[in-house]
Asker: 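The structure under discussion is supplied below as structure tokens; questions concerning it will follow.
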Amino acid sequence: MYVVNQTGDTVSVIDTATNTVIATIPVGVEPVGVAVTPGGTRAYVANFGSNTVSVIDTATNTVVTTIPVGTQPIGMGVTPGGTRAYVVNSGDNTVSVIDTATNTVIATIPVGETPILVAFTLGGTRAYVTNFGSNTVSVINTATNTVEATLGVGDAPSHVAIANVP
């Protein structure tokens, strides 16, 4: 398990079999979001205060690279296939798309005001981003990395979960 420690600029690694902290990893400034690839080989950490994403090799619990992204990255998600990481940048109303094979940003997608989090459909064909400041949800087509719909929802949407049922 990977736990971001926002004011300590670190990530704690917890062995869930023994419920013990086995490592503490220094990352960027103010880490707030974390997502792990489906195979469990990499953890991606959004560093709100340094406008970066730290990539952690889970076998060695070390940062293998740091990727510059948009302003104030807050939410992280990895597609079900593990080929892309989506970073929600609340400061510039965008989502950065990272190719997990090369750890480079391959697209920047404008979304609604003050985006917070992202969730994916089971097949990974759509990403849903909550936009806290505009009371909307942006629907991203992950094949084209474009917004295909913007849905009006209640006041200040923040967290999102998708019931991926058959």
Side-chain angles (χ1 to χ4, degrees), residues 1-92 94-109 111 114-132 140 142 145 157-165:
M1 176 188 324
Y2 290 80
V3 179
V4 293
N5 304 306
Q6 185 174 358
T7 60
D9 302 338
T10 61
V11 171
S12 295
V13 182
I14 297 172
D15 180 331
T16 58
T18 61
N19 290 326
T20 56
V21 175
I22 58 170
T24 301
I25 307 164
V27 291
V29 178
E30 291 183 85
V32 290
V34 62
V36 177
T37 57
T41 59
R42 295 279 190 266
Y44 288 80
V45 179
N47 301 306
F48 186 85
S50 57
N51 302 326
T52 62
V53 169
S54 297
V55 182
I56 298 171
D57 180 323
T58 60
T60 61
N61 285 324
T62 58
V63 173
V64 292
T65 193
T66 301
I67 306 164
V69 293
T71 306
Q72 297 174 333
I74 190 166
M76 285 291 324
V78 175
T79 58
T83 60
R84 304 283 186 264
Y86 282 63
V87 188
V88 178
N89 304 304
S90 65
D92 61 12
T94 64
V95 173
S96 298
V97 182
I98 297 170
D99 181 320
T100 58
T102 61
N103 287 322
T104 57
V105 174
I106 59 168
T108 301
I109 307 164
V111 292
T114 321
I116 302 293
L117 289 178
V118 61
F120 299 95
T121 56
L122 183 61
T125 59
R126 302 288 180 277
Y128 291 81
V129 177
T130 55
N131 302 306
F132 187 87
I140 297 172
T142 58
N145 285 321
S158 58
H159 293 73
V160 60
I162 297 174
N164 284 309
V165 294

Asker: With no hydrogens and no angle check, is any side-chain donor or acceptor of Thr114 less than 3.5 Å from a backbone partner on Asn131?
Answerer: no

Asker: Between CE of Met76 and OG of Ser96, what distance do you get to the nearest 0.5 Å?
Answerer: 9.5 Å

Asker: For Arg84 and Ile106, what are the C-alpha separation, side-chain angles and deciding distance, and is it a side-chain contact (heavy atoms from CB on, under 4.5 Å)?
Answerer: CA-CA 9 Å; Arg84 304 283 186 264; Ile106 59 168; 3.1 Å; yes

Asker: So which atom in Thr62 and which in Thr60 form the shortest heavy-atom distance, rounded to 0.1 Å?
Answerer: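 Closest approach of Thr62 to Thr60: OG1-OG1, 2.7 Å.
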
Asker: For Thr20, does its backbone N or O pair with a side-chain atom of Asp15 as donor and acceptor, under 3.5 Å?
Answerer: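 Here the side-chain-to-backbone pair does not exist.
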
Asker: Kindly give the heavy-atom pair with the smallest separation between Val4 and Val34, and that separation in Å.
Answerer: CG1-CB, 3.9 Å

Asker: What closest approach, in Å, do Gly75 and Leu117 show between heavy atoms, and which atom pair accounts for it?
Answerer: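 Nearest pair, atom of Gly75 first, then Leu117: CA-CD2, 3.7 Å.
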
Asker: Any chance you could lay out the side-chain contact (heavy atoms from CB on, under 4.5 Å) test for Phe48 and Val29, step after step, and finish with the verdict?
Answerer: CA-CA 7 Å; Phe48 186 85; Val29 178; over 6 Å; no

Asker: For a side-chain hydrogen bond (donor to acceptor under 3.5 Å, both in side chains) with Asn89, tell me which candidate from Thr94, Thr71, Asn51 qualifies.
Answerer: Thr94

Asker: Hey, are the side chains of Val27 and Val63 touching, using non-hydrogen atoms and a 4.5 Å cut-off?
Answerer: yes

Asker: State the OH-CD1 distance between Tyr44 and Ile67, to the nearest 0.5 angstrom.
Answerer: 6.0 Å

Asker: Would you confirm whether Ser90, through its side chain, and Gln72, through its main-chain N or O, come within 3.5 Å as a donor-acceptor pair?
Answerer: yes

Asker: For the CD1 atom of Ile56 and the CG atom of Asn61, what is their distance to the nearest 0.5 Å?
Answerer: 7.0 Å

Asker: Looking only at atom types and distance, does a side-chain atom of Thr58 sit under 3.5 Å from a main-chain N or O of Gly40, one as donor and one as acceptor?
Answerer: yes

Asker: How far does CG of Asp9 sit from CD of Glu30, to the nearest 0.5 angstrom?
Answerer: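 That separation rounds to 7.0 Å.
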
Asker: Please report the closest heavy-atom contact between Tyr86 and Val118, naming both atoms and the distance.
Answerer: O-CG1, 4.1 Å

Asker: Look up atom CZ in Phe132 and atom CD1 in Ile74, then write down how far apart they are to the nearest 0.5 Å.
Answerer: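 Phe132 CZ to Ile74 CD1: 9.5 Å, rounded to 0.5 Å.
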
Asker: Quick check: does any side chain N or O of Thr10 sit under 3.5 Å from a backbone N or O of Thr24, one acting as donor and the other as acceptor?
Answerer: no

Asker: Ignoring hydrogens, what is the shortest heavy-atom contact between Thr130 and Pro157? Give both atom names and the distance.
Answerer: CB-O, 3.8 Å

Asker: Which heavy atom of Val87 sits nearest to which heavy atom of Ala46, and what is that distance?
Answerer: CG1-CB, 4.5 Å

Asker: Ignoring hydrogens and angles, tell me if any N or O in the side chain of Thr142 forms a donor-acceptor pair with the backbone of Gly124 under 3.5 Å.
Answerer: yes

Asker: Using a 4.5 Å cut-off on heavy atoms from C-beta on, say whether the side chain of Ile140 contacts that of Val111.
Answerer: yes

Asker: Would you confirm whether Thr52, through its side chain, and Pro68, through its main-chain N or O, come within 3.5 Å as a donor-acceptor pair?
Answerer: no

Asker: Measure the shortest side-chain to side-chain distance between Val97 and Val105 over non-hydrogen atoms and say whether it is less than 4.5 angstrom.
Answerer: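 No; the side chains remain at least 4.5 Å from each other.
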
Asker: Can the ring centroids of Tyr128 and Phe120 be said to lie less than 6.0 angstrom from one another?
Answerer: no

